[in-house]
Amino acid sequence: MSENQPKEYDAVLGGRNPAPVDGAVLGGLEGVKRRFASGDENQKITAALEALKYGDRGFEWVIQILDTQSSEFEFAVYLAIGQKAVIINNRRILSDTELTFAPNTAYAQLKFLLMRKKWREADSKTAALMLGISCREKQGFMRVTDIENFPEEDFIIIENLWTKYSQGKFSFAVQARIWQKIGGNSQPDWNAWCRFGKCLGWFQKETWLSWNDITFNIDAPVGHLPRGGAYMGWGLGDFWIGCPILSAMTSKLTNCNLI
């Protein structure tokens with residue numbers, strides 16, 4: 001079926017069913033593009049958010065125009081992308097009994113910190129755990145090969161703990177979903193890296209935030225944490241390293257059936 005043909009939830013002239021609030025709109029994706037081209041700022045934002053309902057084609061179009069739009073436009077789009085990522089992430093939240101560990105173990109300590117919303121300490125603990133498992137404490141950062149070889153069992157535990165106790169808002173999986181949606185891949189791409197940073201709140205006012213400057217509370221943007229782990233030890237502005245690292249993380253999550 002053509003992307004411009006009416007779908008299940010499209011409003012159709014002469015149809016009997018009203019369009020749901022979050023449904024795609026009359027005219028298909030091409031109709032959305034026409035409304036964008038002829039609209040004011042608010043109408044452009046509305047059109048972009050409607051385009052996101054058309055799957056990958058809609059996302060691709062929005063990303064193509066995103067870098068030339070206003071900061072208000074960017075904020076609205078990034079917020080919508082983050083919210084969609086959280087909805088998907090919440091589908092796999094585990095129960096407390098599924099995340100039980102022996103007392104005083106590293107994962108019991110991480111769980112304790114996350115349960116009590118001690119985000120800064122949990123982020124540091126996550127970094128220490130991942131660097132320790134990878135034997136990279138001295139270097140202070142992980143390479144693509146370290147992520148590729150990271151034990152799946154440990155990776156799944158860390159991911160599930162963050163997802164569970166942030167209600168799907170903070171985790172590597174939600175970061176990876178955002179990375180995919182904003183057009184990220186393993187090839188160094190400054191624009192994609194900046195879009196990712198803006199969406200997560202790591203890149204603000206044309207500046208990459210240091211670890212000490214990020215927001216360690218639940219009101220931070222979707223995917224703002226964890227900032228440690230694979231991201232420790234190198235500047236976030238370094239897209240030459242960042243893009244391959246994010247892509248390796250996304251592949252790891254896919255292999256672990258976490259995205």
Side-chain angles (χ1 to χ4, degrees), residues 85 89 92 94 99 101 105-111 113-114 119-166 170-190 192-197 199-203 208-214 216 223-259:
N89 220 28
R92 59 174 189 79
L94 303 180
L99 292 168
F101 310 98
T105 60
Y107 289 127
Q109 294 167 7
L110 178 58
K111 177 181 177 179
L113 294 171
L114 289 168
W119 306 113
R120 179 186 292 268
E121 294 85 348
D123 198 52
S124 294
K125 186 66 176 179
T126 300
L129 270 169
M130 296 183 73
L131 292 172
I133 292 171
S134 302
C135 299
R136 298 285 294 176
E137 300 102 317
K138 183 177 179 180
Q139 293 82 359
F141 67 95
M142 296 176 70
R143 304 160 298 182
V144 168
T145 53
D146 299 315
I147 294 173
E148 292 172 343
N149 296 324
F150 198 83
E152 288 191 3
E153 181 179 1
D154 293 281
F155 195 76
I156 290 170
I157 291 172
I158 293 170
E159 174 62 26
N160 284 336
L161 283 170
W162 275 96
T163 297
K164 167 71 177 177
Y165 295 109
S166 69
F170 301 147
S171 75
F172 291 123
V174 80
Q175 292 171 353
R177 289 191 176 95
I178 291 171
W179 178 240
Q180 291 176 317
K181 290 302 183 184
I182 57 86
N185 58 61
S186 61
Q187 298 303 310
D189 184 332
W190 175 247
W193 189 238
C194 289
R195 287 194 294 267
F196 178 72
C199 196
L200 270 61
W202 291 352
F203 186 54
W208 287 93
L209 301 183
S210 68
W211 186 82
N212 287 325
D213 292 328
I214 65 173
F216 290 104
H224 197 67
L225 299 171
R227 164 65 178 85
Y231 310 130
M232 292 294 283
W234 47 273
L236 279 175
D238 190 349
F239 70 104
W240 291 101
I241 298 176
C243 293
I245 287 286
L246 256 296
S247 295
M249 185 72 73
T250 300
S251 295
K252 188 73 176 183
L253 288 156
T254 301
N255 293 338
C256 294
N257 296 316
L258 292 170
I259 60 173

**Q.** Reported CG-to-CD distance for the pair Leu114 and Glu121, which is rounded to 0.5 angstrom
**A.** 10.5 Å
Q | side chain to side chain donor-acceptor pair (under 3.5 Å) partners for Gln109, two or more places apart | A | Lys125
Q. Where do His224 and Gly201 come nearest, in terms of heavy atoms and distance?
A. CE1-O, 3.4 Å
**Q.** Check: Leu209 and Arg227 side chains under 4.5 Å, non-hydrogen atoms
**A.** no
Q | Partners passing side chain to side chain donor-acceptor pair (under 3.5 Å) against Trp119 (at least two apart in sequence or in another chain) | A | none
Q | Counterpart residues, side chain to side chain donor-acceptor pair (under 3.5 Å), relative to Asp213 (two or more places apart) | A | Ser210
Please table the atom pairs, donor to acceptor, closer than 3.5 Å between any side-chain atom in residues 147-156 and protein atoms at least two apart or in another chain.
{"unit_1": "Asn149", "atom_1": "ND2", "unit_2": "Thr145", "atom_2": "O", "d": "3.0"}
{"unit_1": "Asp154", "atom_1": "OD1", "unit_2": "Tyr107", "atom_2": "OH", "d": "2.7"}

Q: For residues Arg143 and Asp146, determine if any side-chain heavy atom of one lies less than 4.5 Å from a side-chain heavy atom of the other.
A: yes
Q. What's the spacing between Trp162 CH2 and Thr126 OG1 if we round to 0.5 Å?
A. 5.0 Å
**Q.** Shortest non-hydrogen contact from Ala122 toward Leu110
**A.** O-CD1, 3.6 Å
**Q.** Donor-acceptor under 3.5 Å (Gln139 side chain, Leu131 main chain)
**A.** no
Q | Where Ile178 and Ala85 come nearest, the two heavy atoms and their spacing | A | CG1-CB, 4.2 Å
Q: List for me each residue that meets salt bridge (charged side-chain N to carboxylate O under 4.0 Å, His left out) alongside Lys181, sequence neighbours excluded, and say none if there are none.
A: Asp56
Q: Step through it carefully: locate the ring centre of Phe172, locate the ring centre of Trp179, and say whether they are under 6.0 Å apart.
A: no
Q: Could you grab the distance from atom CG of Asn89 to atom OG of Ser171, nearest 0.5 Å is fine?
A: 4.0 Å
Q: Identify, with sequence neighbours excluded, every residue that meets side chain to side chain donor-acceptor pair (under 3.5 Å) alongside Asn160.
A: Arg92
Q: Please report the closest heavy-atom contact between Trp211 and Ile214, naming both atoms and the distance.
A: O-CG1, 3.2 Å
(Q) Using 0.5 Å steps for rounding, measure from the CG atom of Asp123 to the CG atom of Leu225. (A) 5.5 Å
Q | Sidechain-backbone polar pair: Lys111 side chain, Phe101 backbone, donor-acceptor under 3.5 Å | A | no
Q | Shortest non-hydrogen contact between Met142 and Ser134, atoms and distance | A | CE-OG, 3.3 Å
Q) From Gln187 CD over to Trp240 CH2, what is the distance, rounded to the nearest 0.5 angstrom? A) 9.5 Å
**Q.** Heavy-atom closest contact (Ala192 atom, Gly184 atom, distance)
**A.** CB-CA, 4.3 Å
Q | Phe239, Trp202, Trp208, Phe203 screened by ring-ring contact (aromatic ring centres under 6.0 Å, His included) with Trp193, the one that passes | A | Trp208
Q. How long is the span from the CG atom in Asp189 to the CG atom in Leu246, to the nearest 0.5 Å?
A. 12.0 Å
